[in-house]
Amino acid sequence: MHTLVYDGTFEGLLTAVFEIYERKLYPVKLLKGEWRNSALFEEVIPIVTDEARAGRVLTGLRKKLSAAGVQRLYISHMAEITGEDCNVLGFIRHVFDNDRNIEEDYGNRYVMRLSEILKMVRREKHRMEAFVRFQKLNDGTFYAAIEPDFNVLPLLIKHFKSRYADQKWMIYDIKRNYGLYYDLHDTQFIEMDFDELNKPVDVIAAYSEDEGIYQNLWKNYFNSVNIVSRKNTKLHVRHIPKRYWRHLTEKI
Amino acid sequence: MNVDRITEKLNILADAAKYDVSCASSGSNRKNKDKGLGNASNGICHSYTEDGRCVSLLKILLTNHCIFDCAYCVSRKNNDIKRAAFTVQEVVDLTINFYRRNYIEGLFLSSGIFKDADYTMERLVRVAKKLRTEHNFNGYIHLKSIPGASEELMREAGLYADRLSVNLEMPTEAGLKLLAPDKNRQDMIDPMQFLKKEIIQNTEEKKLFKNTPMFAPAGQSTQVIVGATRESDQQVLQSANYFYKNFNLKRVYYSGYVPVLADQRLPALNTAVPLVRENRLYQADWLMRFYGFHVNEIVNNQNPLLDLDIDPKLSWAIRNMQVFPIDINRADLQLILRVPGIGLLSAQKIVAARKFAGLGWEQLKKIGVAINRAKYFITCKSNEFERRDLTGQKIKQFIMAQSQSKYIKNTQTQLNLF
Ligand code: SF4
């Protein structure tokens, strides 16, 4: 067993694939991040991300997969789900070990797993599109904090940009500490420096005057539409798992 | 803004509107125009009520004042309740402000009938018009068409709304006569007919002229209340089928009757909401729309009622054992769709994946097939399969024994209500 360590980027992953084929490294284990504890393993191969090599692998993938297939692969990796790198890698190897396009070979465990990962990521993306709750700040910007299970913020650009085209907004992933800001023209990723004195709470304390009013009206609405004689808490929680509640105006 | 008064109105008029179960906001494809506000594309549920229903739209009545006296309705004339009415501007402000905060996909506006049909409809249309023309709002708008409103107003409504609906209320004409003596089924069918005609005509014009304005791009839908009158599931589903076929409806909604009045014509006030039945009706509806089932295969003179214990697909399968077992690696998609335990997506995956290699149980499980149900009806690349010649009744017993907890819980929710 060879253990490869790479920097966590997609290019890094593709570089690792290059090395695996070039140096015939089977079987392998792929790890993310800097390597400190190398003494634990017999052999640790650090992968230095190399654009040229990554590019060659990507070209190879493009030849064997549809454009959508490459996109799906990219998203599965970008989601940063713990422990899934080996499956993403398994998928890539299955691609190269076959002559035809294997995207729909659901009998294969890696193809199926990728489709499951994608389903999870998509669900998380949909949840964010649904559960983002903007709060209007004094300067007219609409601000929302999120804590998605997976890294889906980049997948939200298209939806929010085409929907809220006439208001400034910011969606901030406080788990991964980066956000998306739209200034009425374009979106950009931003990182805010929240030190002790400058907690997110304080930054957003500058609510606009009517913010509280509409939050209350929404809570009222939410309670009014409930039909008590149909109560079904299990179903309710299945649709909105509790970990999302703290950012939902109507559940606070 | 008088916050207290608005809050009170919202409570009253949301409460009165909640019995309309439709909350869909999909199927419109209205784009964001000129960097305005919103779009209506994919139909998102932004929240869920504690009874587990999707909250997608701001669903309110413009007013709950009503000149009619429909027995099943909380807003009926002779009910002693608080009444309220929104102004056009109030509804517009609420919609815009909720939308900007990502609470909703848009507005579902209905109303009690005050003065007369046109007077009411004209106000509903005015809200939609204001949202579209003054606020460049491109979110979803569903307007209820008031039975008896003029074609002029209906046409205007279609220009601003994504979806229009006329509720049939009762599955049959007799049911309607009994409970809503002021209403007349023809007044509901006429606007449906009119909308169908306009929608088709608009689609045709669109093919010829690219900038023909949209007309109710998300089509029309209706709702029937089940359990208030004695119609069988066969009558309910056949009526739904008739309206799907003849009026190009996008959806028929089934709303389990929530008792709101002590009246000899109605189930007693302590009657449970028929949630399981309602669920079975939706399942049957899906079978008709997406799984290629004919309504008579689901309910017929021998089986006028849906089986509450098991879903209608399983129910059909055990009545038609001669069709099974089918070979998963060969059968047509249409047939695979009929296997209990195999859904739409799994069926498509099976048909795609078997081109690479024959599929066995392990793969089917991975693909998402509920093996414990499907195994009685299929064979696959494996020597292990159900060899006993089981009767449909036996299979039903086996499956129910396995998933018993689920079904028992279902019944309990119904009983718990007392
Ligand atoms: S006309 Fe509509 S609002 Fe009025 S009583 Fe009948 S169902 Fe209720």
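Since the structure is predicted, the reported quantities are computational estimates derived from the model, not experimental observations.
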**Report entry** Portion of A/Tyr214 that has a non-hydrogen atom of chain B nearer than 4.5 angstrom
**Finding:** both

**Report entry** Partner chain B: residue of A/Glu104, A/Glu250, A/His239 with the largest heavy-atom pair count (under 4.5 Å)
**Finding:** A/His239

Report summary line: chain A shares the most heavy-atom pairs under 4.5 Å, among B/Ser47, B/Ala16, B/Ala14, with B/Ser47

Report task. Step through it carefully: locate the ring centre of B/Tyr103, locate the ring centre of A/Trp218, and say whether they are under 6.0 Å apart. Result -> yes

Query - Check: A/Ile146 and A/Ile174 side chains under 4.5 Å, non-hydrogen atoms - result: no

Query raised in the report: Which one of B/Thr49, B/Val258, B/Leu364, B/Ile6 has the most heavy-atom pairs closer than 4.5 Å to chain A?
Result: B/Thr49

Query raised in the report: Taking every heavy-atom pair that is under 4.5 Å apart, which of B/Arg100, B/Lys31, B/Arg354 has the most such pairs with chain A?
Result: B/Arg100

Query raised in the report: Can you say whether B/Arg53 sits under 4.5 Å from chain A via the side chain, the backbone, both, or neither, judging by heavy atoms?
Result: side chain

Query raised in the report: Is the shortest side-chain N to carboxylate O distance from A/Asp105 to A/Arg100 below 4.0 Å?
Result: no

Query raised in the report: So which part of A/Ile213 gets closer than 4.5 Å to some heavy atom of chain B, the side chain, the backbone, both or neither?
Result: side chain

Report summary line: Counting heavy-atom pairs under 4.5 angstrom with chain B, the leader among A/Val225, A/Thr249, A/Leu235 is A/Val225

Query raised in the report: Between B/Lys365 and B/Glu362, does at least one N-O distance fall below 4.0 Å, as a salt bridge requires?
Result: no

Query - Max heavy-atom pair count under 4.5 Å with chain B, selected residue of A/Asn223, A/Asn98, A/Val132 - result: A/Val132

Query raised in the report: Looking at the rings of B/Tyr72 and B/Tyr19, which for Trp means the six-membered one, are their centres under 6.0 Å apart?
Result: no

Report summary line: Most heavy-atom pairs under 4.5 Å with chain A, out of B/Asn11, B/Ile350, B/Leu10, B/Val3, belong to B/Asn11

Query - Top of A/Arg113, A/Gln167, A/Lys136, A/Glu103 for chain B proximity - count of heavy-atom pairs under 4.5 angstrom - result: A/Gln167

Query raised in the report: Partners of B/Phe137 by ring pair (Phe, Tyr, Trp, His ring centres under 6.0 Å), sequence neighbours excluded?
Result: B/Tyr99

**Report entry** Salt-bridge criterion met for B/Asp162 and B/Arg132 (N-O under 4.0 Å)
**Finding:** yes

Query - Exercise: identify the closest heavy-atom pair between B/Leu261 and B/Leu269 - result: N-CD2, 3.4 Å

Query raised in the report: Between B/Tyr282 and B/Tyr254, does the ring centre distance come in under 6.0 Å?
Result: yes

Query raised in the report: Quick one: what part of B/Leu58 sits under 4.5 Å from any heavy atom of chain A, side chain, backbone, both or neither?
Result: both

Requested in this report: May I ask you to decide whether A/Glu129 forms a salt bridge with A/Arg163, counting only side-chain N to carboxylate O separations under 4.0 Å?
Outcome: no

Requested in this report: Pick whichever of B/Lys355, B/Gln363, B/Glu50 has the most heavy-atom pairs under 4.5 Å with chain A.
Outcome: B/Glu50

Report summary line: Under 4.5 Å to a heavy atom of chain B? For A/Phe160 that would be side chain

Query raised in the report: Between A/Lys119 and A/Glu116, is the closest basic N to carboxylate O distance under 4.0 Å?
Result: no

Query - Contacting region of B/Asp4 [heavy-atom separation from chain A under 4.5 Å] - result: neither

**Report entry** Engaged part of B/Lys59 at the chain A interface, taking heavy atoms whose separation is under 4.5 Å
**Finding:** both

**Report entry** Closest-packed option against chain B by number of heavy-atom pairs under 4.5 Å, given A/Tyr244, A/Tyr164, A/Trp169, A/Phe142
**Finding:** A/Tyr164

**Report entry** Part of B/Glu278 lying under 4.5 Å from any heavy atom of chain A
**Finding:** side chain

